[in-house]
Amino acid sequence: MMRRPVRVAVTGAAGAISYSLLFKIAAGEMMGKDQPVILQLIEIPQAMDALRGVAMELMDCAYPLLHTITLHDNVEDGFKNAHYALLVGARPRGPGMERSDLIEVNGEIFARQGKALNDYANRDVKVLITGNPANTNALIASRNAPDLSPSQFTCLTRLDHNRAKGILANQTGATPRDVNGIIVWGNHSPTQYPDLHHATILGEPAINQVDMNWYKEEFIPKVQQRGSEIIQARGLSSAASAAQAIVDHMHDWVLGTEPGEVASMGILSDGSYGVEKGIFYSFPVRCNYGRYQIVQGIELNDFSKECLKVTEQELLEEKAVVNHLLPEETAASHDNLSICLRSGVTLYADGTGPDQDSKFMTTNRVM
Ligand code: NAD
Ligand code: LMR
């Protein structure tokens, strides 16, 4: 029997990332080849003509899994009953800018979107923030959604994870599928820490297969600065690779990480690895049953500990800048992450879905 369609809302749907992303979703690359989707596409009013053009192209692909497309010029309509919300729409940076330069222009957008998700989305909605600065925008959105669990909000650091994997594979002559256990810690910014200490290539420790100088002096800065390098080369920020990373992030969250593999996801810190609570930080996670779990017990040497601190510090500074967008009423839930979570199952507007005492509804440290 065909599954019931799920509702995927996408903001910035006429933008560059979405021009790759929407076609992947409609083709079943994100939610699975047996999962029909309803695309709820959202843009600003001035971009609705362009959005209609994208919708026509989607229709012209005649994707078997594309159930319905709806177009919206406001998030309140666009997020209605959404099971998944991909918050892509925001201003990208240009040459010479840092992502944090976007805090002022983009912050307000995410406060409104958090409120709209709170008021209109499915109670079980899973949210991924891509618009930059992604971690801090995720914090803003989540803090403005008092009735949703903070664990339902995530931000995109999978692009950094994929970049690290691709660059390591290229350096060592491996293929990306041979590489496991990459971790990206912290902020989606130049302070992020791409950590190879737990990575393997064909089952052997990656760190033994690269020169330590290359790792510290070339690899780490290259991954950290890859966004800028692409902007300089293309004149525009990465788009197709960002779309692929969004698909990978959501695919793993919903359908599970490969056995034995970890993914990097920006999520609300619960204090793991000494990272201060109340900020969105990229951690190594495993996903199962539609939820993510921080991989515990990873040994960190002094170098790694220092790198984790640097990026944490930057996130705390970003948080201070947007403090006026963070309502006080949600401070406690974010500083003491509740482990009773709703993000594990897909609920429909007619109330169907697992009942509240499903064994997957509450759990320890699984989000
Ligand atoms: P783009 O300018 O091509 O498209 C953005 C679209 O968002 C535009 O069509 C714009 O009209 C729309 N938009 C703006 N405000 C909106 C709102 N309030 N509601 C709905 N739509 C809105 O940009 P892009 O290249 O698609 O990038 C989008 C964002 O993603 C940027 O902030 C960029 O920096 C970020 N990004 C993040 C990552 C990551 O790894 N986290 C990677 C690449 C890009
Ligand atoms: C990226 O990493 O490519 C994006 O965040 C875009 C940017 O501004 O770097």
Side-chain angles (χ1 to χ4, degrees), residues 9-22 40-54 71-79 85-117 128-138 140-141 154-164 166-167 184 186-192 194 222-250 264-266 280 282:
V10 183
T11 70
I17 293 176
S18 290
Y19 197 65
S20 290
L21 174 65
L22 299 176
Q40 303 184 176
L41 307 183
I42 306 165
E43 260 296 345
I44 52 175
Q46 307 87 291
M48 291 308 284
D49 277 339
L51 185 58
R52 271 188 280 280
V54 175
L71 308 186
H72 309 269
D73 67 3
N74 66 88
V75 283
E76 289 74 18
D77 280 344
F79 286 158
L86 310 180
L87 277 45
V88 179
R91 215 177 100 192
R93 66 173 166 152
M97 291 169 80
E98 276 309 330
R99 297 182 189 101
S100 53
D101 296 334
L102 297 168
I103 285 190
E104 298 295 337
V105 276
N106 287 336
E108 299 279 351
I109 294 178
F110 290 88
R112 175 173 166 190
Q113 296 189 352
K115 289 189 189 87
L117 287 164
L128 169 60
I129 284 91
T130 296
N132 277 318
N135 299 55
T136 297
N137 288 337
I140 295 171
T154 63
C155 69
L156 189 70
T157 56
R158 182 60 176 262
L159 179 54
D160 309 294
H161 178 108
N162 288 351
R163 284 169 173 166
I167 291 168
V184 171
N187 200 2
H188 174 63
S189 81
T191 66
Q192 69 179 267
K222 192 163 197 65
V223 177
Q224 290 172 327
Q225 297 293 342
R226 191 64 151 188
S228 302
E229 199 184 349
I230 289 169
I231 290 170
Q232 295 220 322
R234 260 172 45 88
L236 291 168
S237 69
S238 64
S241 55
Q244 183 62 49
I246 292 170
V247 165
D248 291 344
H249 175 114
M250 294 306 296
S264 304
M265 277 171 76
F280 276 74
S282 181

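Indexing begins at 1, ligand by ligand and atom by atom, following the structure's order.
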Any idea which heavy atoms bring N135 and H188 closest together, and the distance?
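Between these two residues, the closest heavy atoms are OD1-N, 3.1 Å.
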
Quick one: closest heavy-atom pair of R234 and S237, and the distance?
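Smallest interatomic distance, heavy atoms only, reads NH2-O, 2.9 Å.
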
Could you list which atoms of ligand 1 come closer than 4.0 Å to a heavy atom of G89?
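Answer for ligand 1: 7 (O), 13 (N), 22 (C).
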
Should you measure from each heavy atom of I44, which atoms of ligand 1 turn up under 4.0 Å away?
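Selected atoms, number and element: 11 (O), 15 (N), 16 (C), 17 (C), 21 (N), 22 (C).
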
Quick one: nearest non-hydrogen protein atom to atom 5 (C) of ligand 1, plus distance?
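Ranked first by proximity to atom 5 (C) of ligand 1 is A90 O, 3.6 Å.
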
Identify, for atom 26 (O) of ligand 1, the protein heavy atom at the shortest distance, and state residue, atom and that distance.
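Protein heavy atom at minimum distance: I17 N, 3.0 Å.
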
May I ask you to check if ligand 1 and [X] share an N or O to N or O distance below 3.5 Å?
| X | result |
| --- | --- |
| R91 | yes |
| A16 | yes |
| H188 | yes |
| L159 | no |
| N132 | yes |
| E43 | yes |

Show which side-chain atoms of residues 11-20 pair as donor or acceptor with protein atoms under 3.5 Å away, not counting sequence neighbours.
unit_1, atom_1, unit_2, atom_2, d
T11, OG1, V88, N, 3.0
T11, OG1, G89, N, 2.9
S18, OG, G12, O, 2.9
Y19, OH, E57, OE1, 3.2
Y19, OH, E57, OE2, 2.6

With a 4.0 Å cut-off on heavy atoms, is Q113 touching ligand 1?
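Contact present.
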
T130 contact mode with ligand 1 (heavy-atom cut-off under 4.0 Å):
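Both backbone and side chain.
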
L156, portion touching ligand 1 at heavy-atom distance under 4.0 Å
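It is both parts that get close, each with some atom under 4.0 Å.
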
Going by atom type alone, with no hydrogens or angles, which donor-acceptor pairs under 3.5 Å involve a side-chain atom of residues 241-250 and a protein atom two or more places apart or on another chain?
unit_1, atom_1, unit_2, atom_2, d
Q244, OE1, K24, NZ, 2.9
Q244, NE2, D248, OD1, 3.0
D248, OD2, N162, ND2, 3.0
H249, NE2, T154, OG1, 2.9

Name each N or O atom in ligand 2 that is under 3.5 Å from a protein N or O, and give the partner atom and the distance.
unit_1, atom_1, unit_2, atom_2, d
ligand 2, 2 (O), R99, NH2, 2.8
ligand 2, 2 (O), R163, NH1, 2.9
ligand 2, 2 (O), R163, NH2, 3.3
ligand 2, 2 (O), H188, NE2, 3.3
ligand 2, 3 (O), R163, NH2, 2.7
ligand 2, 3 (O), S238, OG, 2.7
ligand 2, 5 (O), R99, NE, 2.9
ligand 2, 5 (O), N132, ND2, 2.8
ligand 2, 5 (O), H188, NE2, 2.6
ligand 2, 8 (O), R93, NE, 2.5
ligand 2, 9 (O), R93, NE, 3.2
ligand 2, 9 (O), R93, NH2, 2.7
ligand 2, 9 (O), R99, NE, 3.1
ligand 2, 9 (O), R99, NH2, 3.0

Sequence neighbours left out, what passes side chain to side chain contact (heavy atoms under 4.5 Å, CB included) with E76? Give chain and number order.
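For E76, the residues satisfying side chain to side chain contact (heavy atoms under 4.5 Å, CB included) (neighbours in sequence not counted) are N74, R112, A116, Y120.
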
